[in-house]
Visitor: 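Quick one: this structure, given as structure tokens, is what I'll be asking you about.
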Amino acid sequence: MRTCREPTFLPLTLSTVVRATPGPATLAVHATARRADSAAAECWAALLAGCDSPGKHQLPQRLRELSAAATPHATESHRGKIDQARTRIEEALTDRDGEDFAEAFIGYDQAVATALARANNRQETGDRTWV
């Protein structure tokens, strides 16, 4: 039995996508979210260790990719929340501020997951915006 796990920074986003109505966009968002989550875990380890890692350089791009995959399904208000949280994560990474990094991810995860859940609800009620 394995008792140690890699930290997850996008638990709400990943669980929302897994529960969403299957389709090509869902699969694309899921893959993008997994790549972003993996890069975040690498960055977290680098922040804790006070060192550099490839994930630290990949994370901003991975977050932009996830934001781009999620924002077509988001309201204007949620697009702003997603962008603000993503910017805060990038600033925390630049500042090497682990506490702000973790807090910013909570907001980012919640904003992306909410946008995706609402898009899925619209799809299930007949608005085919996320297929």
Side-chain angles (χ1 to χ4, degrees):
M1 181 167 118
R2 188 171 175 207
T3 58
C4 172
R5 313 184 326 181
E6 186 173 282
T8 301
F9 288 86
L10 298 168
L12 297 174
T13 298
L14 290 168
S15 66
T16 299
V17 173
V18 166
R19 290 184 175 96
T21 304
T26 307
L27 293 173
V29 172
H30 185 256
T32 304
R34 297 213 20 109
R35 286 191 300 270
D37 192 63
S38 180
E42 236 183 274
C43 285
W44 180 248
L47 284 171
L48 292 177
C51 62
D52 211 6
S53 75
K56 196 170 174 186
H57 302 288
Q58 293 173 355
L59 182 61
Q61 180 60 35
R62 297 288 187 236
L63 292 175
R64 285 186 198 98
E65 290 168 358
L66 178 55
S67 296
T71 55
H73 314 292
T75 63
E76 191 64 37
S77 169
H78 273 93
R79 286 183 191 125
K81 290 177 185 178
I82 290 168
D83 288 341
Q84 285 177 327
R86 182 186 50 76
T87 300
R88 186 175 170 204
I89 291 168
E90 291 174 4
E91 289 171 356
L93 189 57
T94 300
D95 296 342
R96 298 179 179 256
D97 185 338
E99 182 179 351
D100 199 36
F101 180 85
E103 287 177 5
F105 253 103
I106 293 168
Y108 183 79
D109 185 33
Q110 184 174 17
V112 172
T114 299
L116 296 175
R118 287 184 176 170
N120 190 58
N121 288 341
R122 285 191 308 268
Q123 179 189 5
E124 288 177 354
T125 60
D127 179 359
R128 308 294 289 174
T129 57
W130 189 24
V131 269

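Computed from heavy atoms alone, side chains included, the values below leave out hydrogens, waters and symmetry copies.
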Visitor: Are Leu48 and Ile89 co-members of a hydrophobic cluster defined by side-chain heavy atoms under 4.5 Å apart?
Guide: yes
Visitor: Find the distance between OG1 (Thr16) and CZ (Arg118) and round it off to the nearest 0.5 Å.
Guide: 12.0 Å
Visitor: What side-chain donor-acceptor pairs closer than 3.5 Å can you find for residues 91-98, not counting sequence neighbours?
Guide:
| residue | atom | partner | partner atom | Å |
| --- | --- | --- | --- | --- |
| Thr94 | OG1 | Glu90 | O | 3.0 |
| Asp97 | OD1 | Glu99 | N | 3.2 |
| Asp97 | OD1 | Asp100 | N | 3.0 |

Visitor: Taking all atoms of both residues into account, what is the closest heavy-atom pair of Leu14 and Ala33, and its distance?
Guide: CD2-CB, 3.7 Å
Visitor: Check this for me: Arg34, atom CZ, are more than 12 non-hydrogen atoms of other residues, nucleotides or ligands nearer than 6.0 Å?
Guide: no
Visitor: Look at the rings of Phe9 and Phe101 and say which category their plane angle falls in: under 30° parallel, 30 to 60° tilted, over 60° perpendicular.
Guide: perpendicular
Visitor: How far does OG of Ser77 sit from CD1 of Ile82, to the nearest 0.5 angstrom?
Guide: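 Here the rounded value is 9.5 Å.
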Visitor: Enter the distance from Gln110:CD to Leu10:CG here, rounded to the nearest 0.5 Å.
Guide: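 The CG atom of Leu10 is 12.5 Å from CD of Gln110, to the nearest 0.5 Å.
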Visitor: For residues Ala46 and Lys56, report the shortest heavy-atom separation together with the two atoms involved.
Guide: CB-CD, 4.4 Å
Visitor: Of all the heavy-atom pairs spanning Pro72 and Ser67, show the shortest one and how long it is.
Guide: CD-O, 4.5 Å
Visitor: Any chance you could measure Arg35, atom CZ, to His30, atom NE2, to the nearest 0.5 Å?
Guide: 11.0 Å
Visitor: Could you pull out all residues at least two apart from Glu103 that satisfy salt bridge (charged side-chain N to carboxylate O under 4.0 Å, His left out)?
Guide: Arg88
Visitor: Find the distance between CG (Leu59) and CZ (Arg62) and round it off to the nearest 0.5 Å.
Guide: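 Leu59 CG to Arg62 CZ: 9.5 Å, rounded to 0.5 Å.
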Visitor: Is the closest side-chain heavy-atom distance between Thr8 and Phe105 below 4.5 Å?
Guide: no
Visitor: Tell me the closest heavy-atom pair linking Thr26 and Thr21, and the distance in Å.
Guide: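 Looking at all heavy atoms of both residues, the closest pair is OG1-O, 2.9 Å.
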Visitor: What pairs with Thr71 under side-chain hydrogen bond (donor to acceptor under 3.5 Å, both in side chains), at least two apart in sequence or on another chain?
Guide: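 Per chain and number, Thr71 pairs via side-chain hydrogen bond (donor to acceptor under 3.5 Å, both in side chains) with no residue.
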Visitor: For His78 and Ala74, which heavy atoms make the closest approach, and how far apart are they?
Guide: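 In this case the closest contact between His78 and Ala74 is CB-CB, 4.0 Å.
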Visitor: Of all heavy-atom pairs between Asp37 and Pro7, which one has the smallest distance, and what is that distance?
Guide: OD2-O, 4.2 Å
Visitor: Atom OG in Ser15, atom CG in Asp109: separation rounded to 0.5 Å?
Guide: 7.5 Å
